[in-house]
Amino acid sequence: MTADVVSQGALRIRRATAADAEALAEIGARTFSDTFAADNTPEDMKLFLQSTWRPDLQRAEILDAELDTLLACDALGAIAGFAQIRAAHPPKDVVVRAPVELKRFYVDKPWHGRGLARSLMEAAEQAARARGAREFWLGVWERNERAQAFYRKCGFRKVGTQIFVVGTDPQTDHVMLREIE
Ligand SMILES: CC(C)(COP(=O)(O)OP(=O)(O)OC[C@H]1O[C@@H](n2cnc3c(N)ncnc32)[C@H](O)[C@@H]1OP(=O)(O)O)[C@@H](O)C(=O)NCCC(=O)NCCS
């Protein structure tokens with residue numbers, strides 16, 4: 001489980017192990033705050049972060065055989081980005097054969113625009129293929145323009161919407177999907 005998925009120069013993409021739980025919880029909370037704190041109330045942010053990013057939760061996720069957790073690590077071994085995928089269905093009006101969800105996809109700010117996201121996406125797609133995916137799909141906040149632009153570059157298109165609750169706030173996500181040949 002610790003074998004590299006990708007090794008490119010200073011960048012290494014590998015599967016997470018239980019020993020990564022604390023670091024994953026830290027970067028998960030930090031990247032979520034960096035991205036969304038300005039557009040949400042402090043109360044909703046606090047509720048969401050407390051219920052989602054805790055070392056015990058990430059440990060359980062890493063050990064969950066239904067979930068693949070991939071880490072992109074820099075030359076010093078620090079986590080620069082991560083992706084989590086699982087077999088899961090999109091909203092019921094989206095027609096699919098064998099769907100795999102990109103549940104979370106986050107890259108730390110210093111690495112934005114440097115190609116790391118593309119490498120991590122390729123590794124995530126490889127993991128989705130290994131789970132037999134015919135469709136790869138995700139939810140992205142309707143106001144997260146940068147992520148939507150990135151996903152479009154990767155071949156995803158909008159096929160619907162779903163609700164994602166941050167704290168007490170039900171928000172509209174775009175559901176985006178791409179076929180896997
Ligand atoms: C989403 C994410 C993984 C994309 O990685 P990235 O390295 O930033 O992506 P790229 O720079 O390759 O692509 C982003 C594109 O959006 C464009 N862009 C930047 N800001 C934008 C904005 N406000 N509106 C529209 N497009 C924007 C960029 O110009 C770039 O397009 P280009 O390559 O044609 O110039 C990364 O930004 C990230 O982790 N963000 C924070 C967490 C997040 O939002 N995760 C997704 C949750 S669903």
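Owing to the predicted nature of the structure, the values given are computational and were not obtained by experimental measurement. Atoms within a ligand are numbered from 1 in the order they appear, just like the ligands themselves. We use all heavy atoms of the structure for the numbers below, so side chains are in, but hydrogens, waters and symmetry mates are not.
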Peer 1: From the options K109, R104, R146, select the one whose nearest heavy atom is closest to atom 21 (C) of ligand 1.
Peer 2: R146

Peer 1: To which of G81, G113, C154, G115 does the heavy atom nearest atom 7 (O) of ligand 1 belong?
Peer 2: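 Looking at heavy atoms only, G113 sits closest to atom 7 (O) of ligand 1.
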
Peer 1: In terms of side-chain geometry, is the basic nitrogen of R118 or E122 positioned less than 4.0 Å from the acidic oxygen of its partner?
Peer 2: no

Peer 1: Taking only heavy atoms of N144 into account, list the atoms of ligand 1 that are under 4.0 Å away from them.
Peer 2: 43 (C), 44 (O)

Peer 1: Heavy-atom distance to atom 23 (N) of ligand 1: which of E145, Q148, M121 wins?
Peer 2: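 Ranked by closest heavy atom to atom 23 (N) of ligand 1, first place is E145.
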
Peer 1: Within 4.0 Å of atom 2 (C) of ligand 1 (strictly less), any protein heavy atom?
Peer 2: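 Within 4.0 Å: no protein heavy atom nearby.
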
Peer 1: Are the aromatic ring centres of W137 and F105 under 6.0 angstrom apart?
Peer 2: no

Peer 1: Below 30° counts as parallel, above 60° as perpendicular, anything between as tilted: where do the rings of F136 and F156 land?
Peer 2: tilted

Peer 1: Judging by distance only, is a nitrogen or oxygen of K153 under 3.5 angstrom from one on ligand 1?
Peer 2: yes

Peer 1: Please work out whether any backbone atom (N, CA, C, O) or any side-chain heavy atom from C-beta onward of W141 is under 4.0 Å from ligand 1, and answer side chain, backbone, both or neither.
Peer 2: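 No part of W141 comes within reach of ligand 1.
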
Peer 1: Does the protein put any heavy atom within less than 4.0 Å of atom 16 (O) of ligand 1?
Peer 2: yes

Peer 1: Does ligand 1 have any atom that is closer than 4.0 Å to a heavy atom of Y151?
Peer 2: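 Checking ligand 1 against Y151, which is what was asked, there is a heavy-atom contact under 4.0 Å.
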
Peer 1: Is the number of heavy atoms from other residues, nucleotides or ligands under 6.0 Å of E22 CD greater than 12?
Peer 2: no

Peer 1: If we count only N and O atoms by modelled type, under 3.5 Å, do the side chains of Q58 and D20 hold a donor and an acceptor together?
Peer 2: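 No, no side-chain donor-acceptor contact under 3.5 Å.
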
Peer 1: Looking only at distances, can you tell me whether any N or O atom of T35, backbone or side chain, sits closer than 3.5 Å to an N or O atom of ligand 1?
Peer 2: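 No, since none of the N or O atoms of T35 sits under 3.5 Å from an N or O of ligand 1.
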
Peer 1: Look at atom 38 (C) of ligand 1 and say which protein heavy atom is nearest, naming residue and atom and giving the distance to 0.1 Å.
Peer 2: H112 NE2, 3.3 Å

Peer 1: Please confirm whether the backbone N or O of V175 pairs with a side-chain atom of D173, one donor and one acceptor, at under 3.5 Å?
Peer 2: no

Peer 1: Is the shortest distance from a Lys or Arg side-chain nitrogen in E135 or R97 to a carboxylate oxygen in the other one below 4.0 Å?
Peer 2: yes

Peer 1: Report yes or no: do E61 and Q84 form a side-chain donor-acceptor pair below 3.5 Å?
Peer 2: yes

Peer 1: Measuring from D68:CG to K103:NZ, what's the distance to the nearest 0.5 Å?
Peer 2: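 Between D68 CG and K103 NZ, I get 13.0 Å after rounding to 0.5 Å.
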
Peer 1: So which heavy atom in the protein is nearest atom 39 (O) of ligand 1, and how far is it from that ligand atom?
Peer 2: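 Here the nearest protein heavy atom works out to V107 N, 2.8 Å.
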
Peer 1: Does E66 come within less than 4.0 Å of R86, counting only side-chain N to carboxylate O?
Peer 2: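 Looking at E66 and R86, the cut-off is not met.
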
Peer 1: Under 6.0 Å between the ring centres of F48 and F164?
Peer 2: yes

Peer 1: Looking at atom 46 (C) of ligand 1, would you say a protein heavy atom lies below 4.0 Å from it?
Peer 2: yes

Peer 1: Measuring from atom 26 (N) of ligand 1, which candidate in G139, A147, A149 has the nearest non-hydrogen atom?
Peer 2: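 Checking each option, the heavy atom nearest atom 26 (N) of ligand 1 is found in A149.
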
Peer 1: Suppose we measure from atom 9 (O) of ligand 1 to each protein heavy atom; which comes out shortest, and what is that distance?
Peer 2: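 Atom 9 (O) of ligand 1 sits closest to the protein heavy atom F150 CD1, 3.5 Å.
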
Peer 1: Provide, to 0.1 Å, the distance between atom 5 (O) of ligand 1 and the closest protein heavy atom, together with that atom's residue and name.
Peer 2: A117 CB, 3.2 Å

Peer 1: My question is simple, although I want it checked carefully: is atom 11 (O) of ligand 1 less than 4.0 angstrom from any protein heavy atom?
Peer 2: yes

